[in-house]
Amino acid sequence: GSTSRSRRPSATTARSGSSRLGLGLALVLGLGLRVNPNPNPNPNPNLEQELFYFDELSPGSCFFLPHGARLYNRLQNLIREQYWQRNYNEVVTPNMFNLKLWETSGHAAKYKENMFCFPIEGQEFGLKPMNCPGHCLMFKHRKRSYRELPMRLCDFGVLHRNELSGALTGLTRVRRFQQDDAHIFCMVSQIKAEVANVLDMISTVYKFFGMTFALKLSTKPENALGEAETWELAEGYMQEALNEFKAKTGHDWSLNPGDGAFYGPKIDVQVFDALKRPHQCATVQLDFVQPMRFDLKYQAPAKIGGEGGGGEGAGDSGYERPVMIHRAVLGSVERMIAILIEHYAGKWPFFLSPRQAMVVPISKAYEEYASTVQQRVRAAGFFVDVDLSHRTLNKMVRDSQLSQYNYILVVGSNEEKDGTVNVRTRDNAVHGTKTIEELIGEFERLTSEHVLDLELGVAASKDAEGKK
């Protein structure tokens, strides 16, 4: 498990002939680093993907190796692209706060046992387990106007939660993690448009992954805080957003009465992987309570008296209380990597892959040209390696395929003379000769269009869609 030192995997490490669950558990639980599709009981160490591991000297905190860090950054950058298109503003907030912050937010009373707390100069501090109180401070640090709303703040800040060591489970339950976390401060009248935008982002990202999802609207519980009229308005706007999303995409949703959080209604998003197993990842939650506890307010438009609205009123004449929307698409990046490992069975689509291409010279005489190809493709922003082992061509190509390189680029005399590469893919398809410019153009298209250059996840997702 994640509390003991990782060991080299045995010969029983998951292979292509094994169950996908076994492959997933081998990586997700951090028991080994190898994703080896070779049925040979004595696998070649070169076939390891080496994404991450755990160490007892930092329980519940994952060490992402270079190829794992590539994957981690790819996921974050995919979300950043969506943020840019949807007018979010990324911020950076502290990791450590005086406990007074958590007393204001209410987390000290309900969540302190799950926080890492420690004394500093006679005062108690804690590592942040979530970003929302820090974003409230950021909203409050100066006067705000309705013209600034909606304000969409996103944050990949490092979070720590003090999970019991016995509960730690590889990447799915950790102490140190990052989320694609964002908080939207808006007026009540803007809830519908903001929720619709988040639903569209969720749909877009999970379509990239080849995954489906189900939506449930959880409404006002018995212990709800905030004005009844505000709850009613907010739930109405969320239902309208869901209905319009259904009309636009055909994606249905269901009602979950009385199961909302005490601080606001929420949309639970259940994501399904290629094996149709459900995962709770994305979320859209309205919050009327944090803006009240932090006394957040904005200058309302002169002609509209009650346009704000998540609390009991902001107190000052002409000011209104914003509503806060908590939202995430991936949720924990660590947990999403665990889910995607199983979803793709270790065969990463090109736009996420930490090993996108391998250049294979047919003999030592073409090493220099192979390195030139690598440099040009790498300069275009892609992960490309060169196999200089000079084994037989078939062995080098086969090992590249088993190591899950999406593309194998064979070079020899003709390719060096013409400035080309001979292209193969990991599914053993031969795509013929391409110029380096043509190859880079293809790579750019695969990346920008988020093409799923594998069948397993796509086929399973389409099948799941048909059964909805």
Side-chain angles (χ1 to χ4, degrees), residues 19-21 23-25 27-28 35 51 68 71-83 85-86 170-172 177-182 195-217 242 245-246 248-254 266-284 327-354 404 406 446-468:
S19 71
R20 296 186 57 176
L21 180 61
L23 180 145
L25 288 176
L27 275 172
V28 175
V35 175
L51 300 177
L71 179 59
Y72 203 101
N73 291 332
R74 281 286 165 113
L75 284 170
Q76 287 192 336
N77 289 338
L78 184 149
I79 296 297
R80 283 190 171 101
E81 289 169 6
Q82 290 294 310
Y83 284 157
Q85 294 172 24
R86 298 168 191 274
L171 288 181
T172 59
F177 60 100
Q178 289 172 258
Q179 294 179 322
D180 63 326
D181 204 7
V195 170
N197 187 288
V198 175
L199 291 175
D200 184 70
M201 182 172 173
I202 290 169
S203 177
T204 298
V205 170
Y206 283 103
K207 184 178 180 181
F208 292 162
F209 294 157
M211 302 173 86
T212 58
F213 58 91
L215 301 170
K216 288 184 179 180
L217 174 61
L242 285 163
F245 182 71
K246 178 182 176 181
K248 178 182 175 183
T249 65
H251 202 295
D252 206 355
W253 61 278
S254 60
K266 61 179 180 174
I267 297 173
D268 293 314
V269 185
Q270 203 170 42
V271 178
F272 298 93
D273 64 19
L275 297 182
K276 303 178 186 63
R277 290 172 301 190
H279 304 277
Q280 192 71 43
C281 302
T283 187
V284 190
R327 48 106 291 162
V329 177
L330 304 180
S332 157
V333 179
E334 283 78 357
R335 187 163 177 269
M336 179 52 63
I337 289 175
I339 292 167
L340 291 177
I341 284 171
E342 295 200 1
H343 179 58
Y344 296 130
K347 300 179 96 174
W348 300 102
F350 185 86
F351 70 91
L352 290 178
S353 180
Q404 299 307 326
N406 301 68
L446 289 169
T447 303
S448 64
E449 296 180 9
H450 304 94
V451 174
L452 286 167
D453 53 325
L454 72 161
E455 289 301 319
L456 194 56
V458 177
S461 295
K462 287 181 177 176
D463 187 45
E465 186 97 46
K467 292 183 179 180
K468 276 198 152 188

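Just so you know, these numbers come straight off a predicted model, no measurement behind them.
Within the 4.5 Å cutoff, the side chain of M201 has heavy atoms near those of the I79 side chain. Here the side chains of S353 and Q404 are not in contact, with every heavy-atom distance at 4.5 Å or above. In this structure, the side chains of F245 and L215 come closer than 4.5 Å at one or more pairs of heavy atoms. Residues L340 and M211 form a side-chain contact, since some pair of their non-hydrogen atoms from C-beta on lies under 4.5 Å apart.
A donor-acceptor pair is defined here as one N or O able to donate and one able to accept, closer than 3.5 Å; such a pair exists between the side chain of D453 and the backbone of F350. A donor-acceptor pair is defined here as one N or O able to donate and one able to accept, closer than 3.5 Å; no such pair exists between the side chain of S203 and the backbone of L199. Checking side-chain atoms of R74 against main-chain N and O of F351 turns up a donor-acceptor pair under 3.5 Å. A donor-acceptor pair under 3.5 Å is formed between the side chain of D180 and the backbone N or O of V329. Q179 contributes no side-chain N or O that, together with a main-chain N or O of L330, makes up a donor-acceptor pair within less than 3.5 Å. A donor-acceptor contact shorter than 3.5 Å is absent between the side chain of H450 and the backbone of L78. Between the Q280 side chain and the V269 main chain, a donor and an acceptor come within less than 3.5 Å of each other. When atom types are taken as modelled, the side chain of Y344 and the backbone of F209 share a donor-acceptor pair closer than 3.5 angstrom. Checking side-chain atoms of N406 against main-chain N and O of W348 turns up a donor-acceptor pair under 3.5 Å.
Pairing each heavy atom of S254 with each of K216, the nearest pair is OG-CG, 3.1 Å. Scanning both residues, H343 and A274, for their nearest heavy atoms gives ND1-N, 2.8 Å. The two atoms that bring N197 and R86 nearest to each other are O-NH1, 3.4 Å, heavy atoms only. Listed here is the closest heavy atom pair of R327 and Y83: NH2-OH, 2.9 Å.
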Next on the checklist: One pair to check against side-chain contact (heavy atoms from CB on, under 4.5 Å): Q76 and N73. What are the steps and the verdict?
Outcome noted: CA-CA 5 Å; Q76 287 192 336; N73 291 332; 4.2 Å; yes

Next on the checklist: For I202 and V284: C-alpha separation, side-chain torsions, deciding distance, then whether side-chain contact (heavy atoms from CB on, under 4.5 Å) applies.
Outcome noted: CA-CA 10 Å; I202 290 169; V284 190; 4.1 Å; yes

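Between the NZ atom in K266 and the CG atom in L217 there is a gap of 11.0 Å [rounded to 0.5 Å]. Note that OG1 of T283 is 6.0 Å distant from CG of D268, once rounded to the nearest 0.5 Å. If you take CG on L71 and CD1 on I337, they are separated by 4.5 Å, rounding to the nearest 0.5 Å. Taken to the nearest 0.5 Å, the CE atom of M336 stands 12.0 Å off from the CG atom of L171. Here NE2 of H279 is found 3.5 Å from CG of D273. Values are rounded to the nearest 0.5 Å.
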